[in-house]
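Worksheet: one structure, shown below.
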Amino acid sequence: MAAYVLHVGAHTAQGARSNNEDRLVVDRVHNVFLVADGMGGQERGEQASGLAAEIIPRVVQDQLATQADAGRAVQQALSEANQAIIHAGRHQPAGRRMGTTAVLAVQQANQVYVAGLGDSRAYLIRGDRVEQLTVDHSVAQALVTSGVLSPEEARHSPWQHVLHKFLGCAEMVDGADVRPFTPQAGDRLLLASDGLTNHISDDDLRQGAKQFADPQVWAEHLVDVALQRGSKDNVTCIVVAFDPE
Ligand code: CA
């Protein structure tokens with residue numbers, strides 16, 4: 001039996017933007033957690049991330065109710081959200097896109113299933129180890145993977161914020177990678193939009209996980225720090241704490 005109990009904190013801030021295109025979902029009944037970062041400007045980004053926040057938890061819940069494997073449930077949910085957002089954006093003027101990132105975690109039995117599309121991220125903090133569980137679907141990251149850019153060059157690349165895979169992307173045919181892990185007591189899982197991750201280091205996560213026992217206090221602190229460090233974006237995170245029983 002898992003010797004932990006879940007506590008969850010979540011926070012979002014509009015920051016300097018005129019609206020908040022980030023959405024978060026914390027479903028403690030089914031243990032489904034989602035951060036979506038909409039893009040497309042004006043109400044379009046909000047509409048895209050809003051659709052993700054409405055569809056993904058619902059499809060996951062429906063799938064889990066039929067005893068489906070959580071990994072398959074996550075795939076199905078992302079696929080349905082992708083289709084819905086493409087459909088909603090089909091009357092957009094040419095050259096304008098509407099889409100959203102999504103990073104989600106679903107707990108089933110003693111496993112947690114994590115998937116991400118776009119550049120919102122999931123991190124697992126276990127003791128002194130900080131591991132990014134998701135891959136950024138930015139052009140800059142793809143250039144790092146193929147050896148064209150160093151990670152440091154990628155951080156300053158104009159391609160850093162250009163996404164090649166996201167919800168609302170017609171080319172998203174090969175679906176999302178779902179990564180399962182087995183939580184241990186003491187683990188912290190962070191889901192966050194790039195408005196936060198652009199300003200928070202691995203060291204911040206390592207130290208904060210030790211310093212902040214309450215995940216809500218830590219979530220609010222992380223958002224505040226990102227804003228203090230000059231984030232001009234919407235800033236959003238969910239902290240899932242696997243606390244010892
Ligand atoms: Ca963002």
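Whatever order the structure lists ligands and atoms in, that order sets their numbers, starting from 1.
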query: Can you tell me if NZ on Lys210 sees more than 12 non-hydrogen neighbours from other groups inside 6.0 Å?
result: yes
message: Can you classify the ring geometry of Phe181 versus Phe242 as parallel (below 30°), tilted (30 to 60°) or perpendicular (above 60°)?
response: perpendicular
field: Glu21 near the Ca ion (ligand 1) via N/O/S, less than 3.0 Å
entry: no
field: Near-ring test His221/Phe212, centroid separation under 6.0 angstrom
entry: yes
message: Check Asp119 with Lys165, please: is the shortest side-chain N to carboxylate O separation under 4.0 Å?
response: no
statement: Among N, O or S atoms, Asp37 approaches the Ca ion (ligand 1) most closely through OD2
query: Angle at the Ca ion (ligand 1) between OD2 of Asp233 and OD1 of Asp194, to 10°?
result: 80°
